[in-house]
Amino acid sequence: MRLSSRTALAAAAVACATALAACGTDTSSADDDEISVVASTNVWGSIAQAVAGDRIEVRSLITEPNADPHSYEASPLDAAAISDASLVVYNGGGYDQFVDDILGATGDKPAVVEAFALFESGAYSDLHAGHDHGDEDGTDDAIESDSETTVSEDHSHESGEVSDAGDGHSHEGHDHGGINEHVWYDLATADAVAHAVAEQLAELDPDGAAVYEANAAGFHENLHYVADVVDKLADTHGDAPVAQTETIGHYLVSAATLDDITPPDFTNAIENGTDPSPAAIAATRQLLVDKQVRVLIYNPQTEDRISREMRTAAESSGVPVVEVFETLPEGVDYIQWQARTAETLAAALETAS
């Protein structure tokens with residue numbers, strides 16, 4: 001069986017990490033009984049830390065603002081951290097593929113919480129960003145998590161899924177006919193991840209179960225502040241036309257009921273790491289030059305010549321530019337970050353009114 005280059009690199013990283021351990025090199029700061037929680041990015045790390053509180057320190061592998069999780073290549077130390085973890089929290093959906101690659105090359109697999117799997121499962125939350133809530137079949141859509149297993153192409157592992165009472169929902173978060181994996185902008189998924197982390201930590205550390213449950217409940221309440229900001233944005237600026245250089249903020253745009261009129265050929269090409277066609281570039285530029293959109297939503301972490309050209313066109317025409325990111329800025333947590341992003345978007349739309 002031929003391995004992809006990234007999978008081969010992950011396997012090599014795991015092998016190197018194993019060799020380091022065999023030679024007596026300590027690749028972990030914890031002893032055998034200490035609970036180790038590892039997150040792929042500091043976005044999911046922040047959510048996990050909010051639940052873990054003071055009992056456990058969560059380690060995030062990707063924290064640099066210029067790092068791209070899509071193409072991140074794990075080091076042997078990263079592989080060791082994931083392989084030796086008690087719990088791994090990550091995005092999934094092909095976004096941070098290096099985690100799946102390492103898990104696939106690991107013998108004894110840790111417990112995992114995969115955000116994208118929770119998004120796809122329809123795990124219940126009363127936070128509706130990117131979701132259409134409603135009792136579709138008269139039953140509770142909530143999914144018990146203790147014994148659930150998700151299976152990917154390369155490996156199978158436990159996946160924590162939140163179980164709550166309430167109505168089910170269907171997802172509105174599909175981008176131009178495909179699945180948008182940037183689920184950290186979906187508040188319901190963030191809520192589901194927090195509850196799933198609490199459930200997994202309660203199994204690993206029963207003495208702290210009440211703390212984890214309370215922390216997840218507190219995180220849920222804080223998410224309602226962000227949801228209120230987004231709701232106000234929708235009430236005030238619903239259906240406002242916007243453009244995006246990349247669909248990172250898709251779920252925020254959807255929850256705010258904004259109208260993304262960027263040509264799909266443009267955003268699909270950017271998302272796939274290819275250059276958009278000249279026609280798609282020209283059409284997107286024209287939206288900005290003619291001020292047919294009120295805001296340009298821009299991801300500076302993956303900018304290139306074409307995205308910078310779109311930003312220049314927006315700024316030259318007086319179209320406000322709102323930056324969205326894939327990792328947390330220094331000194332803020334997930335709640336603060338999401339709230340500031342929504343507030344910045346609202347302020348830009350107000351300016352453009």
Side-chain angles (χ1 to χ4, degrees), residues 43 46-47 50 115 119 124-134 169-176 180-194 219-262 264 267 284 287-288 291-301 307 310-311 314-315 317-329 332-353:
V43 173
S46 177
I47 295 174
F119 174 86
Y124 174 77
S125 172
D126 63 352
L127 293 145
H128 51 73
H131 295 73
D132 178 21
H133 287 278
H169 63 271
S170 63
H171 293 291
E172 296 290 344
H174 293 269
D175 181 37
H176 301 308
N180 188 305
E181 74 273 20
H182 309 115
V183 293
W184 61 88
Y185 278 110
D186 180 72
L187 299 183
T189 299
D191 189 30
V193 166
F219 182 80
H220 173 91
E221 290 305 312
N222 289 333
L223 279 173
H224 272 286
Y225 170 75
V226 184
D228 289 344
V229 175
V230 176
D231 285 346
K232 184 177 179 181
L233 176 56
D235 290 342
T236 307
H237 300 289
D239 297 324
V242 301
Q244 301 188 79
T245 55
E246 187 179 356
T247 57
I248 296 296
H250 169 75
Y251 296 107
L252 172 58
V253 170
S254 176
T257 66
L258 303 177
D259 184 13
D260 179 9
I261 62 173
T262 316
T267 50
T284 304
L287 289 177
L288 301 166
K291 301 186 73 171
Q292 297 177 49
V293 296
R294 304 250 304 269
V295 164
L296 173 65
I297 300 172
Y298 186 84
N299 177 15
Q301 288 184 249
S307 63
M310 295 304 109
R311 179 169 191 155
E315 292 173 339
S317 302
V319 174
V321 176
V322 174
E323 294 184 340
V324 292
F325 295 88
E326 301 183 54
T327 53
L328 291 179
V332 300
D333 62 22
Y334 176 85
I335 297 293
Q336 294 168 327
W337 177 52
Q338 290 291 302
R340 290 181 187 181
T341 301
E343 289 165 350
T344 300
L345 180 55
L349 286 166
E350 201 65 42
T351 300
S353 297

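No hydrogens, no waters, no symmetry mates; every other heavy atom, side chains included, goes into these values. Position 1 is the first residue of the sequence; numbering continues from there.
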Heavy-atom pair with the smallest gap, counting every atom of [X] and [Y]:
{"X": "A194", "Y": "F219", "answer": "CB-CD2, 3.5 Å"}
{"X": "V230", "Y": "A342", "answer": "CG2-CB, 4.1 Å"}
{"X": "A234", "Y": "T257", "answer": "CB-OG1, 3.7 Å"}
{"X": "V295", "Y": "A348", "answer": "CG2-CB, 3.8 Å"}

Check: [Y] and [X] side chains under 4.5 Å, non-hydrogen atoms:
{"X": "I297", "Y": "T245", "value": "no"}
{"X": "L345", "Y": "L258", "value": "yes"}
{"X": "Y298", "Y": "V324", "value": "no"}
{"X": "Y334", "Y": "N222", "value": "no"}
{"X": "I335", "Y": "V226", "value": "yes"}
{"X": "H224", "Y": "D126", "value": "yes"}
{"X": "Q338", "Y": "L187", "value": "yes"}
{"X": "P241", "Y": "Q292", "value": "no"}

Worksheet item: Quick one: do the E326 and H182 side chains pair a donor with an acceptor below 3.5 Å?
Response: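 Per modelled atom types, E326 and H182 side chains form no pair under 3.5 Å.
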Item to complete: Determine whether the side chains of H220 and D191 contain a donor N or O and an acceptor N or O closer than 3.5 Å.
Response: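 Judged by distance alone, the side chains do pair up.
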Worksheet item: Step by step, would you call S46 with D333 a side-chain hydrogen bond (donor to acceptor under 3.5 Å, both in side chains)?
Response: CA-CA 6 Å; S46 177; D333 62 22; 5.3 Å; no
Interatomic distance, [X] atom [atom1] to [Y] atom [atom2] [nearest 0.5 angstrom]:
{"X": "D235", "Y": "D231", "atom1": "CG", "atom2": "CG", "answer": "6.5 Å"}
{"X": "E246", "Y": "M310", "atom1": "CD", "atom2": "CE", "answer": "14.0 Å"}
{"X": "T189", "Y": "I47", "atom1": "OG1", "atom2": "CD1", "answer": "9.5 Å"}

Discussion item. So, applying side chain to side chain contact (heavy atoms under 4.5 Å, CB included) with L296, which one of T284, L288, T262 is it?
Written reply: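 Considering T284, L288, T262, a side chain to side chain contact (heavy atoms under 4.5 Å, CB included) with L296 is found only for L288.
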With no hydrogens and no angle check, is any side-chain donor or acceptor of [X] less than 3.5 Å from a backbone partner on [Y]?
{"X": "N180", "Y": "Y251", "value": "no"}
{"X": "T341", "Y": "W337", "value": "yes"}
{"X": "R294", "Y": "L349", "value": "yes"}

Worksheet entry | Test log, rule side-chain contact (heavy atoms from CB on, under 4.5 Å), inputs Q244 and N299 | CA-CA 8 Å; Q244 301 188 79; N299 177 15; over 6 Å; no
Worksheet item: Do F325 and W184 have ring centres separated by under 6.0 Å?
Response: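 That pair fails the under 6.0 Å test.
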Discussion item. Regarding R311 and E323, does a basic nitrogen lie under 4.0 Å from an acidic carboxylate oxygen?
Written reply: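 Salt bridge present between R311 and E323.
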